[in-house]
Amino acid sequence: MAYGLLYDYLMGQCINAYEYFGAHFVTKTIKRKKVNGVMFRLYAPMAEDVSVIGEWNGWDVRVNKMDKVDPCGVFETFIPDLREYQSYKYHFKNAKGVYVDKADPFAFYSEFRPQTCSRLYGIEGFPWDDNEYMSKRNRNFDEAMSIYEIHLGSWKGKIDGRYPSYEEVADYLIPYLQENGYTHVEIMPITQYPFDGSWGYQATGFYSVDSRYGNPKQLMSFVNRLHKAGFGVILDFAPVHFATDSYALREFDGTCLYEYSDPNHTISPWGSAQFDLGKDPVRSFLMSAMNYFLEYFHFDGLRIDAVSNIVYWDGDKSKGENTGATEFIRRLNGKLHYAHPSIMTIAEDSTDFTKVTHPIEYGGLGFDYKWDLGWMNDTLKYYGLDPIYKKYHHNDLNFSMAYFFSENFLLPLSHDEVVHGKGTIINKMWGDYETKFALLRNLYAYQFAHPGKKLNFMGNELASFDEWNENKSLPWNLLSFPKHDSIKRLCRDLNLIYKYHIAMHKEEYNPAHFRWTMVDNSSQSVYAFERDFGDEVMLFVFNMTPNYYDSYDVGTYQEGEFEEIFNSDKDVYGGYNNYNGDKKHTYPGGPEDRPYHINIKLASFGACFFLLSKKDNSPIINELKVAKKAKSTPKKTKTIKKTKKTSTKRSK
């Protein structure tokens with residue numbers, strides 16, 4: 001079996017290399033006696049004179065020599081009577097004739113930085129009791145998915161000068177998620193990394209759980225407890241590049257074993273070393289690492305970082321497709337989904353590369369979801385505009401629906417948007433203090449109304465004006481201020497509405513369930529659209545200017561009675577209570593030639609959701625009935641109410 005696994009590893013077909021390589025606690029029969037110890041195995045094709053050095057042998061390179069057991073470059077040795085947490089490294093002469101000490105690429109645990117050794121750890125035997133959750137787990141195509149992206153070290157901050165453990169974070173995180181209506185957590189990378197400022201995206205140990213927050217079984221406990229509370233857990237994973245620290249993967253055996261040997265591609269735009277995803281052993285190494293976290297830690301999905309730097313050479317479309325890397329992605333998604341049919345893979349991709357979320361058998365990359373970074377960029381730029389100029393950029397906001405149904409998109413407002421001088425989400429809004437809050441409420445409502453799964457970085461719900469800092473806690477004290485606490489309340493209610501109403505998440509990637517009812521009103525910068533599923537129909541209206549309308553006509557395809565279920569201008573959200581308390585009946589004719597309309601109050605920078613509560617016209621769009629009514633009604637008697645603009649100032 002070991003040789004079959006090794007063959008698959010060398011051929012780039014292996015997703016369980018961690019069962020063979022690395023340091024494993026085993027029991028061997030030696031001279032008819034059972035002996036407990038650790039089997040070490042290392043893949044280093046150009047290495048010579050290999051030994052294991054550790055605290056048990058005083059770091060003496062002569063004590064525990066490793067035997068070369070395969071000509072491809074596999075070394076192994078068995079050492080009895082070792083204990084968990086003992087530190088070790090591999091010592092060998094590399095291809096350049098230089099003796100080096102290297103951390104174990106397959107280590108399950110590592111020393112806390114700035115120390116650099118691997119540590120022995122028995123990965124087996126965690127008492128999982130999340131069977132009920134795992135049996136119901138799926139890819140959430142027809143379910144609400146609101147993801148709370150979190151950096152474990154700065155969500156609550158340090159405790160007495162130390163990082164909180166995985167379990168300590170869970171103590172606070174679970175009730176917070178329950179209170180605020182999220183469905184999933186996405187944790188930023190927790191594979192071992194040396195530099196705090198890389199946030200985990202430049203790792204040194206791709207199987208080693210980040211020792212800042214505890215050991216592997218503490219991470220298992222974190223996932224287990226979240227599952228029992230009903231929450232999915234997604235792991236952010238970076239397979240594009242790795243840290244250049246000399247003790248890790250860089251020039252591991254004196255050659256570019258893991259990175260590109262071509263100097264034009266060896267170093268990434270971030271200054272890290274780039275994995276050569278065209279090499280079969282590298283493919284097996286990374287596929288196995290991701291499968292390791294799915295298999296042993298029960299993660300429900302993987303967010304794959306920097307897919308743009310996978311599909312194109314160095315992330316530059318002009319350099320062409322990196323076919324070796326795209327083949328790796330297809331292989332990864334195919335094998336992981338075969339092994340774990342209910343897990344999700346999510347692409348963080350800023351390119352226009354086609355068929356990212358299409359099945360592999362139809363020429364796609366095989367991801368389940370793709371971050372819609374185009375939506376994010378266009379939307380945030382639009383909300384930052386002076387309302388005077390929004391009419392000239394009207395199509396920037398509705399452009400997303402021109403391509404939305406080409407992929408399974410996820411709408412992110414992620415950590416990347418609140419760092420490095422970009423300003424926080426509320427700081428990106430146009431206007432003075434009050435206006436920024438009004439626009440922020442509108443933005444979050446728009447994100448949830450728009451088709452696509454949702455992701456928000458921790459702290460977005462606090463409306464902080466200070467950028468995120470990985471070394472500081474979130475500014476939880478802001479919740480003592482009504483304006484900020486009201487934004488958190490709004491985010492909670494949007495999550496609850498999103499989960500409750502099937503029109504907002506069922507078959508959302510089917511264009512039959514979406515219709516613009518006001519899309520061309522650039523002069524007033526008002527948008528409206530309908531979404532439906534089954535008998536449920538919802539109408540969403542957004543006013544992108546400070547103009548207040550006491551009487552405003554919004555078109556609809558549906559005849560009946562609409563009830564307002566959400567309004568961003570309610571006082572509980574920090575607004576001025578310009579909402580629609582009574583139900584709205586439809587009338588014939590509407591703006592932009594819609595068959596019906598309702599007349600509503602529309603607040604300054606207001607966003608409102610309406611639910612069709614009484615349906616007089618059973619088909620969603622009955623073209624024959626609409627055409628018949630239009631034909632039988634003389635033009636001179638058909639009236640369309642004109643919009644009445646009553647004020648250009650916010651009404652209190």
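Any value given below was found using the heavy atoms of this structure, including those in side chains, with hydrogens, waters and symmetry copies removed.
A donor-acceptor contact closer than 3.5 angstrom is absent between the side chains of Asp378 and His393. Using modelled atom types, one finds no donor on one side chain facing an acceptor on the other under 3.5 Å when comparing Ser308 with Asp349. Ser568 and Asn442 share no donor-acceptor pair across their side chains, judged by distance under 3.5 Å alone. A side-chain N or O of Thr357 and one of Glu407 form a donor-acceptor pair less than 3.5 Å apart. In this structure, a donor-acceptor pair under 3.5 Å is present between the side chains of Ser318 and Asp316. In summary, the side chains of Trp371 and Glu348 do not present any donor paired with an acceptor at a separation below 3.5 Å, with no hydrogens or angles considered. Side chains of Asp432 and Thr435: a donor on one and an acceptor on the other come within 3.5 Å. No hydrogens or angles considered: a donor-acceptor pair under 3.5 Å links the side chains of Ser342 and Arg137. Between Asp352 and Thr354, the side chains place no donor N or O within less than 3.5 Å of an acceptor N or O (distance only, hydrogens not considered). Side-chain atoms of His394 and Ser525 form no donor-acceptor pair, as typed in the model, at a separation below 3.5 Å. Between the side chains of Tyr498 and Gln447, no donor N or O sits under 3.5 Å from an acceptor N or O. A side-chain N or O of Tyr573 and one of Asp493 form a donor-acceptor pair less than 3.5 Å apart. Using a 3.5 Å distance cut-off with no hydrogens or angles, the side chains of His241 and Gln202 do not pair a donor with an acceptor.
For His484, the side-chain contact (heavy atoms from CB on, under 4.5 Å) partners at least two apart in sequence or on another chain are Tyr433, Phe437, Ala463, Phe465, Leu478, Phe481. Under the side-chain contact (heavy atoms from CB on, under 4.5 Å) criterion, Lys381 pairs with no residue, sequence neighbours left out.
Salt-bridge annotation for Lys506 and Glu536: absent, with no side-chain N of the basic residue lying under 4.0 Å from a carboxylate O of the acidic one. By the 4.0 Å N-to-carboxylate-O rule, Arg489 lies too far from Glu461 to be salt-bridged with it. For the pair Lys228 and Asp130, the salt-bridge criterion is not met [side-chain N within less than 4.0 Å of a carboxylate O]. Asp171 has a carboxylate O that lies under 4.0 Å from a charged side-chain N of Arg225, or vice versa, which qualifies the two as a salt bridge. The pair Lys370-Asp372 does not meet the salt-bridge criterion, since no charged nitrogen lies less than 4.0 angstrom from a carboxylate oxygen. Salt-bridge check for Arg139 with Asp368: passed, with a basic side-chain N closer than 4.0 Å to an acidic carboxylate O.
The shortest side-chain heavy-atom distance between Lys391 and Gln524 does not fall under the 4.5 Å cut-off. With a 4.5 Å cut-off on side-chain heavy atoms, Ser154 and Lys472 do not count as touching. With a 4.5 Å cut-off on side-chain heavy atoms, Leu479 and Lys488 count as touching. Annotation: side chain of Tyr444 is in contact with side chain of Leu494 (closest heavy-atom distance under 4.5 Å). Contact annotation: the side chain of Trp155 approaches that of Leu474 to within less than 4.5 Å [non-hydrogen atoms, C-beta and beyond]. Counting only heavy atoms from C-beta outward, the side chains of Glu417 and Asn460 never approach each other to under 4.5 Å. Contact annotation: the side chain of Glu143 approaches that of Asn138 to within less than 4.5 Å [non-hydrogen atoms, C-beta and beyond]. The shortest side-chain heavy-atom distance between Asn322 and Ile310 does not fall under the 4.5 Å cut-off.
In terms of heavy-atom proximity, Val233 sits nearest to Asp300 at N-OD2, 2.7 Å. In plain terms, the two heavy atoms of Ile159 and Pro164 that are nearest each other are CD1-CB, 3.8 Å. Shown here for Glu186 and Asp236, the closest heavy-atom pair between the two residues is OE2-OD2, 4.1 Å. The minimum heavy-atom distance between Leu294 and Phe299, with the atom names listed, is CD2-O, 3.4 Å. When all heavy atoms of Gly555 and Leu539 are compared, the closest pair comes out as O-CD1, 4.0 Å.
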### Task
List the steps, then state whether side-chain hydrogen bond (donor to acceptor under 3.5 Å, both in side chains) holds for Gln274 with Asp314.
CA-CA 9 Å; Gln274 294 195 109; Asp314 305 318; 3.0 Å; yes
### Task
Would you check, one step at a time, whether the test ring-ring contact (aromatic ring centres under 6.0 Å, His included) holds for Phe297 with Phe222?
CA-CA 9 Å; Phe297 296 85; Phe222 173 88; over 10 Å; no
### Task
Would you sort out whether Asp532 and Arg515 count as a salt bridge (charged side-chain N to carboxylate O under 4.0 Å, His left out), showing the intermediate values?
CA-CA 9 Å; Asp532 72 82; Arg515 296 173 298 280; 2.7 Å; yes
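With a 6.0 Å cutoff to the six-membered ring centre and a 45° limit on the axis angle, Arg212 counts as a cation-pi contact of Tyr193. By the 6.0 Å and 45° rule, Lys601 does not stack over the aromatic ring of Tyr549. Relative to the ring axis of Tyr383, Lys390 places its NZ or CZ within 45° and under 6.0 Å from the centre. A cation-pi arrangement is present between Lys156 and Tyr172, with the terminal nitrogen or guanidinium carbon under 6.0 Å from the aromatic centre and inside a 45° cone about the axis.
Note that OH of Tyr382 and CG of Leu397 are 5.5 Å apart. Values are rounded to the nearest 0.5 Å.
Judged by distance alone, with hydrogens and angles left aside, the side-chain atoms of Arg330 form no donor-acceptor pair with the main-chain N or O of Gly366 at under 3.5 Å. Looking only at distances, a side-chain donor or acceptor of Asn333 sits under 3.5 Å from a matching main-chain atom of Leu365. A distance-only check finds no donor-acceptor pair linking the side chain of Asp520 to the backbone of Glu592 [under 3.5 Å]. With hydrogens and angles disregarded, a donor-acceptor distance shorter than 3.5 Å links the side chain of Asp569 to the backbone of Tyr576. A donor-acceptor pair is defined here as one N or O able to donate and one able to accept, closer than 3.5 Å; such a pair exists between the side chain of Glu467 and the backbone of Lys422. Remark: the backbone N or O of Pro546 is paired with a side-chain donor or acceptor of Ser604 at under 3.5 angstrom.
Between Tyr176 and Trp476, the ring-plane angle classifies as perpendicular under the 30° and 60° cut-offs. Ring pair His298/His227 is parallel by interplanar angle, where below 30° counts as parallel and above 60° as perpendicular. In this pair, Trp516 and Tyr527 present their aromatic rings tilted. The plane angle is within the 30 to 60° band. Between Tyr509 and Tyr369, the angle of the ring planes lies from 30° to 60°, which puts this pair in the tilted group. Ring orientation note: the planes of Tyr446 and His450 are nearly perpendicular, at an angle over 60° on the 30°/60° scale.
Two rings, from Tyr557 and Phe529, have their centers 6.0 Å or more apart. Phe353 has its ring centre less than 6.0 Å from the ring centre of Tyr312. Phe409 and Tyr403 have their aromatic ring centers within a separation under 6.0 angstrom.
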